[in-house]
Enquirer: 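Got a structure here, written out as structure tokens. Questions coming.
Side-chain atoms are counted along with the backbone in the values below, which use heavy atoms only and exclude waters and symmetry mates. Chain letters run A, B, ... following the sequence lines, proteins first and then strands; every chain starts at 1. Everything numeric in this text was worked out from a predicted model, so none of it was measured.
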2 protein chains.
Amino acid sequence: MGLRIAIFDDNKNIRESISMLLNTEPDFALVGSFGHVLDCVRDVRESKPDVVLMDIEMPGMTGIEAVKAIKKEFPQVQILMQTVFEDDDRVFDSICAGASGYILKNFLNTKLVDAIRELQYGGSPMSPSVARKVLNKMQSVSSVIMPEEAPDYHLTPREKEVLGCLVNGQSYKMIAAELFISYETVRSHVKKIYEKLHVASLTEVVAKAINQRIV
Amino acid sequence: MGLRIAIFDDNKNIRESISMLLNTEPDFALVGSFGHVLDCVRDVRESKPDVVLMDIEMPGMTGIEAVKAIKKEFPQVQILMQTVFEDDDRVFDSICAGASGYILKNFLNTKLVDAIRELQYGGSPMSPSVARKVLNKMQSVSSVIMPEEAPDYHLTPREKEVLGCLVNGQSYKMIAAELFISYETVRSHVKKIYEKLHVASLTEVVAKAINQRIV
DNA sequence: GCTACAATCCCCGAAAGTGGTGACGGCTGG
DNA sequence: CCAGCCGTCACCACTTTCGGGGATTGTAGC
């Protein structure tokens with residue numbers, strides 16, 4: 001049984017080149033070749049490919065949106081992006097959209113078959129230069145998702161509970177009702193929280209709590 | 001001029017194997033070979049490598065911490081992680097720590113020299129299987145850093161400015177002073193913001209603004 | 001020229017939050 | 001057993017925010 005492959009590329013010559021490349025591999029079956037992505041979901045549904053080659057620069061809907069749409073309907077489809085540029089943001093966006101590999105058009109001839117094989121075996125082919133961009137992006141966002149050791153403010157469990165309600169935008173009254181305590185008690189907790197977080201207003205508390213992931 | 005390389009690996013045999021591998025390349029210079037990372041910063045300072053090969057499994061300080069320490073002092077040093085496992089989390093942690101490449105020990109013989117060359121040229125060598133793990137991680141965190149399509153609330157520039165001050169915990173008075181407008185004007189803007197964000201209190205505004213990165 | 005809207009300003013009454021101070025029971029560790 | 005902390009509640013005086021109005025200027029678009 002062969003590997004079913006579909007191409008999306010607005011350049012007819014490239015589609016034909018790829019087609020010829022794939023023909024050299026006996027177990028590769030080209031099941032679709034499309035010049036635009038406007039009907040990409042339907043195209044994929046009908047051609048049922050295992051692997052999709054997607055040009056990142058496409059007229060109409062961009063290749064990245066197409067990836068999103070296809071991945072949403074057919075999560076198991078492996079998508080290999082092909083592009084002439086190594087644009088940082090688009091590499092990143094493609095990955096977030098669900099692309100599994102990234103190949104430069106300059107290297108289609110020499111690398112395409114290998115790349116597809118890698119996809120087949122569960123890898124993510126990408127050139128080291130693209131990988132570098134991915135890593136850079138990753139490092140730049142790691143500070144966002146890991147907000148350098150959050151200082152411990154020694155909040156008691158109850159205080160954390162109140163804090164959680166605050167960041168949900170609840171008023172003292174609402175919190176009192178939810179926690180089955182009096183309005184004044186909520187105030188007491190909030191006052192303690194103010195002291196411990198060294199702030200003086202609700203907005204500061206909420207901002208600090210969210211930014212430092214105390215919630 | 002050659003490329004200066006240092007090795008950190010607790011296995012003496014591996015260090016020697018690598019040493020021999022590197023010797024086959026005339027422009028590679030092994031400037032350090034260390035069995036532990038306890039003095040890694042000092043070792044790097046003294047041996048001044050361009051590229052560091054770091055074993056991820058090390059006694060005492062872990063290789064990942066070592067990467068962090070080295071990168072902090074010498075950000076320009078390229079670090080290639082080597083490991084026997086393709087552990088998702090550690091791959092991810094290494095990248096966040098600042099590693100630039102990832103190579104499996106099984107493939108040291110065939111890939112090491114190529115990998116170092118890639119590093120030299122500004123790439124990030126990694127096997128497709130490792131790349132896949134990186135991509136997976138990336139996709140899983142993308143939802144955190146891009147919290148489901150941020151709707152556009154059509155805030156005017158001025159409103160965004162006020163909103164920015166709010167999430168900094170400033171009171172209306174302080175904002176008025178900072179933006180050189182009257183207290184009442186600040187109120188007007190805030191009222192508009194309330195309408196547009198469909199909220200009814202400052203805390204909700206702050207929470208929404210931060211969580212949806214409107215700031 | 002008219003409309004739309006951003007940006008500025010104003011007032012009032014009601015609601016919510018802030019700061020300080022004090023108090024009570026319960027539980028824990030020295 | 002007593003000091004210390006958590007969690008609970010209360011009162012007072014004060015500031016700030018909220019939710020309705022309404023008003024003016026200027027600018028951009030039809």
Side-chain angles (χ1 to χ4, degrees), chain A residues 60 147-215, chain B residues 146-215:
Chain A
E148 53 215 59
E149 16 65 49
D152 187 9
Y153 292 102
H154 311 109
L155 295 184
T156 68
R158 200 56 162 170
E159 284 159 6
K160 281 181 189 166
E161 214 167 340
V162 172
L163 182 53
C165 295
L166 287 179
V167 302
N168 285 333
Q170 302 188 57
S171 69
Y172 290 177
K173 268 189 195 171
M174 293 159 72
I175 298 173
E178 184 164 320
L179 301 184
F180 302 108
I181 56 181
S182 113
Y183 171 86
E184 288 297 332
T185 306
V186 176
R187 291 206 50 216
S188 295
H189 289 308
V190 174
K191 283 185 230 183
K192 285 283 185 61
I193 295 173
Y194 279 20
E195 282 177 30
K196 292 182 179 176
L197 298 208
H198 305 293
V199 297
S201 77
L202 262 187
T203 60
E204 282 184 274
V205 169
V206 173
K208 203 156 188 170
I210 295 180
N211 287 324
Q212 306 198 357
R213 311 269 182 304
I214 309 178
V215 281
Chain B
M146 299 180 173
E148 60 218 52
E149 18 67 48
D152 187 8
Y153 292 101
H154 311 108
L155 295 183
T156 69
R158 201 54 162 171
E159 283 159 6
K160 282 181 189 165
E161 216 168 339
V162 172
L163 181 53
C165 294
L166 287 180
V167 301
N168 284 334
Q170 302 187 57
S171 70
Y172 291 178
K173 269 188 193 172
M174 293 160 72
I175 298 173
E178 184 165 317
L179 300 185
F180 302 108
I181 55 181
S182 116
Y183 170 86
E184 288 297 332
T185 306
V186 176
R187 284 203 22 133
S188 294
H189 289 308
V190 174
K191 281 186 237 182
K192 285 282 187 64
I193 295 173
Y194 278 22
E195 280 176 32
K196 292 182 179 176
L197 298 209
H198 303 114
V199 297
S201 76
L202 262 188
T203 59
E204 282 184 275
V205 169
V206 173
K208 203 155 188 170
I210 295 180
N211 286 325
Q212 305 197 355
R213 310 267 174 313
I214 309 177
V215 279

Enquirer: For Tyr194(B) and dG21(D), what is the distance between atoms OH and P respectively, to the nearest whole Å?
Expert: 18 Å

Enquirer: Five pairs per end, C1' atoms only: what is the angle between the end axes of the helix from dG1(C)-dC30(D) to dG30(C)-dC1(D), to 10 degrees?
Expert: 50°

Enquirer: Tabulate atom names and distances for all N/O pairs under 3.5 angstrom spanning the protein and nucleotides 22-26 of chain D.
Expert:
none

Enquirer: Is there a donor N/O on one and an acceptor N/O on the other, under 3.5 Å, for the side chain of Glu184(A) and the base of dC11(D)?
Expert: yes

Enquirer: For nucleotides 14-16 of chain D, list the nitrogen or oxygen atoms of the protein found under 3.5 Å from its nitrogen or oxygen atoms, one pair per line.
Expert:
unit_1, atom_1, unit_2, atom_2, d
dT16(D), OP2, Lys173(B), NZ, 2.7

Enquirer: If I take atom NE2 in residue His189(B) and atom C1' in nucleotide dT17(D), what distance separates them, rounded to the nearest angstrom?
Expert: 17 Å

Enquirer: Nearest-Å distance, NE2 (His154(A)) to P (dG4(D))?
Expert: 18 Å

Enquirer: Leu155(A) CG to dG7(D) C1': how many Å, rounded?
Expert: 15 Å

Enquirer: Which pairs of donor and acceptor atoms, one on a side chain in residues 170-177 of chain B, lie under 3.5 Å apart (sequence neighbours left out)?
Expert:
unit_1, atom_1, unit_2, atom_2, d
Gln170(B), NE2, Glu178(B), OE1, 3.4
Ser171(B), OG, Met174(B), N, 3.4

Enquirer: From the options dA10(D), dG19(D), dC6(D), select the nucleotide whose nearest atom is closest to the side chain of Ser182(A).
Expert: dA10(D)

Enquirer: Want to settle it: does Lys192(A) or Arg187(A) sit nearer the 5' end of DNA chain D, counting the closest nucleotide to each?
Expert: Lys192(A)

Enquirer: Under a criterion of less than 4.0 angstrom to any heavy atom of chain A, what are the 5'-terminal and 3'-terminal contacting nucleotides of DNA chain C?
Expert: dA16(C) to dT21(C)

Enquirer: With a 4.5 Å cut-off on side-chain heavy atoms, are Ile210(A) and Asn211(B) touching?
Expert: yes

Enquirer: To the nearest Å, how far apart are Glu204(B) CD and dT17(D) P?
Expert: 16 Å

Enquirer: Only counting residues at least two apart or in another chain, list the ones meeting side chain to side chain donor-acceptor pair (under 3.5 Å) with Glu184(A).
Expert: none

Enquirer: Report which part of the nucleic acid Thr156(A) touches: base, sugar-phosphate, or nothing (heavy-atom distance under 4.0 Å, all strands).
Expert: sugar-phosphate

Enquirer: Give every residue pair that meets the side-chain hydrogen bond (donor to acceptor under 3.5 Å, both in side chains) criterion with at least one member in residues 187-200 of chain B, sequence neighbours excluded.
Expert: Glu159(B)-Lys196(B)

